[in-house]
Student: 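Quick one: structure below, then a few questions.
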Amino acid sequence: MFITLEGGEGAGKSTQAALLADALCARGHAVLRTREPGGAPGSELLRGILLDGATDWSSRAETMLHFAARVEHVEKTIRPALAAGMWVVCDRFFDSTLAYQGYGQGADKDFIASLTDLVGLTPDLTLVLDVPDAIGSARVSGRGGASDRYERLDSAFHTRVNAGFRAIAAAAPKRCVLVSAGGDIAAVHAAIMTVVDRRKP
């Protein structure tokens with residue numbers, strides 16, 4: 001089973017992905033936890049390029065770089081794991097490109113959809129972690145350390161991204177479940193496990 005976690009900055013995706021993977025492992029499942037951009041050696045190289053902010057990419061080029069990293073990730077990491085019977089838990093997938101580049105930066109959504117079709121792999125379940133803008137911003141500010149280029153963008157951008165994720169979830173209700181992520185870590189994890197238990201094969 002292929003599960004992705006999506007959401008804007010401060011939604012706690014990486015923490016919840018780790019907790020979900022650990023819970024599935026405790027139940028006896030073989031689990032691969034991975035992330036985007038990244039998840040394969042070539043994809044991790046592109047991650048560094050995309051997140052460091054050193055280059056002002058055109059919207060199409062930036063979108064294509066995300067999909068280049070994704071295709072490498074799918075072919076080198078995700079498909080082999082699924083073929084081996086593993087559960088795959090991924091922090092971000094193609095919905096993030098639509099939310100960040102499409103809704104957030106105004107890239108052509110039809111162009112993104114065409115590239116999504118070329119990937120040829122759709123998650124079985126997407127958990128969209130929904131956090132109020134103010135809470136997400138406060139969480140990011142409280143992390144410490146260097147921010148990546150997306151975290152440094154203004155609040156209007158992040159508002160558009162969060163609205164985009166809600167629109168994505170509403171448009172694909174059979175695949176996506178909107179999970180309130182404004183509460184504490186344990187409460188969000190419990191809500192996620194309830195959803196997974198309902199959807200598991």
Side-chain angles (χ1 to χ4, degrees), residues 1-8 11-51 62-102 109 111-130 164-165 168-179 181 188-201:
M1 188 168 182
F2 180 25
I3 302 174
T4 55
L5 289 87
E6 298 282 5
K13 296 175 314 309
S14 60
T15 297
Q16 293 301 332
L19 290 173
L20 174 57
D22 289 346
L24 293 172
C25 286
R27 294 180 177 184
H29 298 292
V31 180
L32 170 72
R33 181 166 69 93
T34 187
R35 68 175 184 177
E36 288 204 351
S43 306
E44 290 291 336
L45 288 174
L46 289 173
R47 178 187 178 87
I49 292 169
L50 284 161
L51 298 187
E62 183 172 332
T63 298
M64 292 181 77
L65 284 169
H66 276 284
F67 273 96
R70 179 162 300 125
V71 169
E72 185 74 357
H73 184 206
V74 166
E75 297 304 319
K76 297 288 183 67
T77 304
I78 297 176
R79 284 195 190 279
L82 293 172
M86 300 179 74
W87 288 53
V88 175
V89 175
C90 187
D91 176 359
R92 298 200 183 281
F93 200 56
F94 56 59
D95 293 311
S96 276
T97 306
L98 180 55
Y100 277 74
Q101 278 66 55
K109 296 182 182 67
F111 178 60
I112 293 171
S114 68
L115 293 175
T116 298
D117 289 341
L118 290 174
V119 173
L121 181 65
T122 300
D124 298 297
L125 171 63
T126 297
L127 300 157
V128 180
L129 305 188
D130 185 40
F165 276 120
I168 290 165
K174 291 184 178 180
R175 174 175 64 85
C176 298
V177 177
L178 199 66
V179 177
V188 177
H189 174 62
I192 286 172
M193 294 309 300
T194 296
V195 173
V196 171
D197 286 340
R198 289 174 181 166
R199 294 291 189 98
K200 68 184 179 183

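The chain is numbered in sequence order, starting from 1. All figures in this text were calculated on a predicted structure; none of them were measured in a lab.
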Student: Any ring-ring contact (aromatic ring centres under 6.0 Å, His included) pairs touching residues 11-30, not counting sequence neighbours?
Tutor: His29-Trp87

Student: Show me the donor-acceptor pairs within less than 3.5 Å that the side chains of residues 31-39 make with the rest of the protein, sequence neighbours left out.
Tutor:
| residue | atom | partner | partner atom | Å |
| --- | --- | --- | --- | --- |
| Thr34 | OG1 | His73 | NE2 | 2.8 |
| Arg35 | NE | Glu44 | OE2 | 3.3 |
| Arg35 | NH2 | Glu44 | OE1 | 2.8 |
| Glu36 | OE1 | Arg70 | NE | 2.6 |
| Glu36 | OE1 | Arg70 | NH2 | 2.8 |
| Glu36 | OE2 | His73 | ND1 | 2.9 |

Student: Going by the rule salt bridge (Lys or Arg N to Asp or Glu O under 4.0 Å), which residues pair with Arg27 if we only count those two or more places apart in sequence or in a different chain?
Tutor: Asp197

Student: Can you give me the closest heavy-atom contact between Cys176 and Ala169, atom names plus distance?
Tutor: CB-CA, 3.7 Å

Student: For Arg175, check salt bridge (Lys or Arg N to Asp or Glu O under 4.0 Å) against everything at least two apart and list the hits.
Tutor: Asp95

Student: Does Leu45 have any side chain to side chain contact (heavy atoms under 4.5 Å, CB included) partners at least two apart in sequence or in another chain, and if so, which?
Tutor: none

Student: With sequence neighbours left out, what residues match Asp124 under side chain to side chain contact (heavy atoms under 4.5 Å, CB included)?
Tutor: Met1, Phe2

Student: Output all residues satisfying salt bridge (Lys or Arg N to Asp or Glu O under 4.0 Å) with Lys109, sequence neighbours left out; order by chain, then residue number.
Tutor: none

Student: Would you be so kind as to tabulate the donor-acceptor pairs closer than 3.5 Å made by side chains of residues 11-21, with sequence neighbours excluded?
Tutor:
| residue | atom | partner | partner atom | Å |
| --- | --- | --- | --- | --- |
| Gln16 | OE1 | His189 | N | 3.4 |
| Gln16 | NE2 | Ile185 | O | 3.1 |

Student: With sequence neighbours left out, write down each residue that passes ring-ring contact (aromatic ring centres under 6.0 Å, His included) with Phe165, or none if nothing qualifies.
Tutor: none

Student: Listed by chain and number, what are the side chain to side chain contact (heavy atoms under 4.5 Å, CB included) partners of Glu62, not counting sequence neighbours?
Tutor: Leu50, Trp57, His66, Gln101, Gln105, Arg149, Tyr150

Student: Tell me if the CE atom of Met86 is crowded by more than 12 foreign heavy atoms within 6.0 Å.
Tutor: yes

Student: So among Val188, Leu178, Leu5, which one has a side chain to side chain contact (heavy atoms under 4.5 Å, CB included) with Leu127?
Tutor: Leu5

Student: For Glu6, give me all partners under salt bridge (Lys or Arg N to Asp or Glu O under 4.0 Å), at least two apart in sequence or on another chain.
Tutor: none

Student: Is it true that a side-chain atom of Arg92 and a backbone atom of Gly7 form a donor plus acceptor pair closer than 3.5 Å?
Tutor: yes

Student: Answer whether the closest heavy-atom distance between the side chains of Ile168 and Phe94 falls below 4.5 Å.
Tutor: no

Student: Table please: side-chain donor-acceptor pairs of residues 113-123 below 3.5 Å, with sequence neighbours left out.
Tutor:
| residue | atom | partner | partner atom | Å |
| --- | --- | --- | --- | --- |
| Ser114 | OG | Phe111 | O | 2.6 |
| Thr116 | OG1 | Ile112 | O | 2.9 |

